[in-house]
Engineer: 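First the structure, which I've put down as structure tokens, then a few questions once you've had a look.
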Protein chains: 2
Amino acid sequence: MSDQSFASRPTLEAVAARAGVSRATASRVVNGSEGVRAALAERVRRAVDELGYVPNQAARTLVTRRNDAIAVVVAEPETRFFADPFFAQQVRGISKELTAHDNQLVLLLTEGAADYQRVGRYLAGGHVDGALLFSLHDDDSLPMLARRAGVPTVIGGRPGWSDADTLYVDCDNRGGARDAVRHLLGLGRRRIAHIAGPLDQTASVDRLDGFRDVLPDNDPRLTAEGDFTPDGGAKAMAALLERCPDVDAVFAASDVMASGALRMLRTSGRRVPEDVAVIGFDDIVSVSEWTDPPLTTIRQDIEEMGRMMARLLLRTVAAPAANGTETPAPAPIVTPTQLVRRASA
Amino acid sequence: MSDQSFASRPTLEAVAARAGVSRATASRVVNGSEGVRAALAERVRRAVDELGYVPNQAARTLVTRRNDAIAVVVAEPETRFFADPFFAQQVRGISKELTAHDNQLVLLLTEGAADYQRVGRYLAGGHVDGALLFSLHDDDSLPMLARRAGVPTVIGGRPGWSDADTLYVDCDNRGGARDAVRHLLGLGRRRIAHIAGPLDQTASVDRLDGFRDVLPDNDPRLTAEGDFTPDGGAKAMAALLERCPDVDAVFAASDVMASGALRMLRTSGRRVPEDVAVIGFDDIVSVSEWTDPPLTTIRQDIEEMGRMMARLLLRTVAAPAANGTETPAPAPIVTPTQLVRRASA
DNA sequence: CTGAAAGCGCTAACAA
DNA sequence: TTGTTAGCGCTTTCAG
């Protein structure tokens, strides 16, 4: 009965009338512009309160062309998105940064290629000022979609193509992988296997490359491809064990896969790290600290990378269209990694 | 260089011009209204293609007052939101249903009370046509916020207050809990413990009530409160074990907590189910099938409940303001639960 | 069946 | 400092 959904919300006009000023002045007060006499401003603010006025975003956007909203698009079925703590952490960082800048995060889930059209429409529809793209595969069409939509974009992870003005944030996957393998080597291991991620993603390829940098002549049977899930890790481990029962160390391209590998190792009766040393990648604490034994891994600061992505995008969006100011042009960011030693290697 | 972000997107006006019709006609075609001669319609469509026209949502919303977007607000820190597969499944169902109706899902994360203001502004700003509220605690102010914003709302889980026109979707928590306890009883267990969820949420209270329905005189020391995390489950189990070493069965208010309890039970040297039978709630397959041993549990169809919430809300939003048609008034939904027997009880 | 015209609510020049 | 005046791009009566 006292439901407001039908009572149309008050407009700026109403506020102005009540405060006895013009719409322009009311607008100035609402938007915090300088140069409104304190007395008037106060009257307007009171009117706003009394009427419960809230600006109509559509109207505002129509003229300012800003939404104060950023889309996060994940090229991954929801199942994986939610199952993988990696995304959670990244989104967390993004969310914090956006919130701090009064921007809304709009999460767009894509279950498959069919959803790309919808996402394309959404981006082109001008709902958001920019987009953060995630988990791209090979020649994913998402970036082009965003580009065509005219929406500034920052990509999570190095994209598969080279292109001067593509912005992204990634960690030093290759260097991290090298550190991992060297650590294993330093432990005296000689039959070192690698469980790679899906090779249609650059992170996987880069980590594999790092592995090969250190072990260029490694037995090719000591490399198996997983899919960044625990199960994938377990299956890869099983295959590795089958092919090379003498394996004495494993570098998994993610903690999540490492946890699966650990499980499989136990099933097969191997002790970790005595028989087989295991090292992961990511340092997702909720995984790496809870495996048995706790996981030695290569740390990347995922949440911080999320924040960086958001910051980068926000700066791009706000870019004053190359006016005289010497704002350094936004550039891709590659963060360092760090070995975290626990019990598994 | 060929970047489009500066080339302003084509407007309906441009499309109309190119097709040699009026803006009105172009609009009709774009929105699929009846009654435009096929030939003209075709010309318009071609113009749309050639220009790559996409309607400006802000402009459209300004006049139609519809957004075709629904907010999902989770009253839970992101950490938990992402860590708990329960949310993932629910969001999945929602997302599917919304997508099927060409609605966008806008996920609003709230890290704490401070974010409520932001959410309130967002809802009141008219960004969305409705809101789905989740994981409400006690006298959460979110529903009132939404109400004040004039945004139709559906709540996930029975709210803590009674109110004729509050829409929600929940499962039969109390009945499910009764089934769980009876099952344990049927197994011959007599020292049955309960790990409750946070008691500021109705789901927890309802499950506890169900437990008590069957075991009204149970030793109060056999009840401990958890927090819906694995750790919380483990800690609660530890407390239980400490207080009543003779416990021979546990009903945990969620699978996630049950998994923690299982871990603690193993640590303490108990065999499951021989020494202690364990039953969970939810049937989150990725948890219940993977614990050791696999978890007997009370199943609720979480994804379907998500869909139902979305459907309910969409129907409410589209409600033709009580015209003559005899659309049944939307009402809360309570779904049944079902015992799924695995190895733990 | 089609077009002309009137706004939706707001911001941003431009005047005063 | 404040008000007046144009629109932003679209939908939707209302005539024709």
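Lettering follows sequence order; numbering is per chain, from 1.
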Engineer: Establish, with yes or no, whether the OP1 or OP2 oxygen of D:dC8 is under 4.0 angstrom from a side-chain nitrogen or oxygen of B:N56.
Structural biologist: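 False: B:N56 side-chain N/O out of range (4.0 Å or more) of D:dC8 OP1/OP2.
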
Engineer: Nearest-Å distance, CD (B:E13) to C1' (D:dC10)?
Structural biologist: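 Going from B:E13 (CD) to D:dC10 (C1'), I get 11 Å.
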
Engineer: D:dC10 C1' sits how many Å from A:R60 CZ, rounded?
Structural biologist: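 The answer, rounded to whole Å, is 20 Å.
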
Engineer: I need the CZ-P distance between A:R66 and C:dG9, as an integer number of Å.
Structural biologist: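 In whole Å, C:dG9 P lies 23 Å from A:R66 CZ.
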
Engineer: Base, sugar-phosphate, or nothing: which does A:V21 touch, judged by heavy atoms less than 4.0 Å apart?
Structural biologist: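 Answer is sugar-phosphate: A:V21 comes under 4.0 Å of backbone atoms only.
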
Engineer: Between C:dG3 and B:S22, is there an OP1 or OP2 to side-chain N/O distance shorter than 4.0 Å?
Structural biologist: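 Answer yes for this pair, as a side-chain N or O of B:S22 is under 4.0 Å from OP1 or OP2.
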
Engineer: Could you report the tightest heavy-atom contact between A:L123 and A:A71, atom names first, then the distance?
Structural biologist: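 Smallest interatomic distance, heavy atoms only, reads CD2-CB, 4.1 Å.
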
Engineer: May I ask you to verify whether the side chain of B:R23 and the base of D:dT11 hold a donor-acceptor pair under 3.5 Å?
Structural biologist: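 Between D:dT11 and B:R23, which were checked side chain against base, a qualifying N/O pair under 3.5 Å is present.
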
Engineer: Does B:S27 have a side-chain nitrogen or oxygen under 4.0 Å from the phosphate oxygens OP1 or OP2 of D:dC10?
Structural biologist: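 False: B:S27 side-chain N/O out of range (4.0 Å or more) of D:dC10 OP1/OP2.
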
Engineer: Would you say the base of C:dG9 and the side-chain of A:R9 have a donor-acceptor pair closer than 3.5 Å?
Structural biologist: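 Check fails, no donor-acceptor contact within cut-off.
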
Engineer: Please work out which of the three classes, parallel, tilted or perpendicular, describes the rings of B:H127 and B:Y122, given edges at 30° and 60°.
Structural biologist: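 The rings of B:Y122 and B:H127 lie parallel, inter-plane angle below 30°.
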
Engineer: Which listed nucleotide (D:dC10, C:dA12, D:dT12) is nearest to the side chain of A:A24?
Structural biologist: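 Taking heavy atoms from C-beta onward, the closest nucleotide is C:dA12.
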
Engineer: Could you tell me how far apart A:L40 (CG) and D:dT2 (P) are, to the nearest whole angstrom?
Structural biologist: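 Distance check: A:L40 CG to D:dT2 P gives 4 Å.
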
Engineer: Hey, which of these two, A:V63 or B:V63, hits DNA chain C nearer its 5' end, going by closest nucleotide?
Structural biologist: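 Counting from the 5' end, the first nearest nucleotide belongs to B:V63.
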
Engineer: Without decimals, in angstroms, what is the distance between A:N31 CG and C:dA13 P?
Structural biologist: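 Spelled out: CG on A:N31 to P on C:dA13 is 13 Å.
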
Engineer: Could you go through the side-chain contact (heavy atoms from CB on, under 4.5 Å) check for A:L132 and A:L105 one step at a time?
Structural biologist: CA-CA 10 Å; A:L132 260 16; A:L105 183 165; over 6 Å; no

Engineer: Kindly indicate, with the supporting measurements, whether the criterion salt bridge (charged side-chain N to carboxylate O under 4.0 Å, His left out) is fulfilled by A:R121 and B:D102.
Structural biologist: CA-CA 11 Å; A:R121 276 204 312 274; B:D102 258 312; 3.1 Å; yes

Engineer: With a cut-off of less than 4.0 Å, is there a side-chain N or O of B:R37 near OP1 or OP2 of C:dC1?
Structural biologist: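 So the side-chain polar atoms of B:R37 never come under 4.0 Å of the phosphate oxygens OP1 or OP2 of C:dC1.
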
Engineer: Atom CG of B:L62 to atom C1' of C:dG7: distance rounded to whole Å?
Structural biologist: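 In whole Å, C:dG7 C1' and B:L62 CG are 9 Å from each other.
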
Engineer: Could you report the tightest heavy-atom contact between B:L312 and B:P330, atom names first, then the distance?
Structural biologist: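 Of all heavy-atom pairs spanning B:L312 and B:P330, the closest is CD1-CB, 3.9 Å.
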
Engineer: Return no unless some side-chain N or O of B:T25 is found under 4.0 Å from OP1 or OP2 of C:dG3.
Structural biologist: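 Yes, B:T25 has a side-chain N/O under 4.0 Å of OP1/OP2 on C:dG3.
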
Engineer: Using whole Å, what does the distance between atom C1' of nucleotide D:dT2 and atom CZ of A:R43 come to?
Structural biologist: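 Computing the A:R43:CZ to D:dT2:C1' distance gives 12 Å.
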
Engineer: Is there a donor and acceptor pair, one atom on the side chain of B:R28 and one on the base of C:dG3, closer than 3.5 Å?
Structural biologist: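 Looking at the base of C:dG3, it does pair with a donor or acceptor on the side chain of B:R28 (distance under 3.5 Å).
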
Engineer: Can you check the A:L12 CG to D:dG7 P distance for me, whole Å?
Structural biologist: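 Rounded to whole Å, this separation is 20 Å.
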
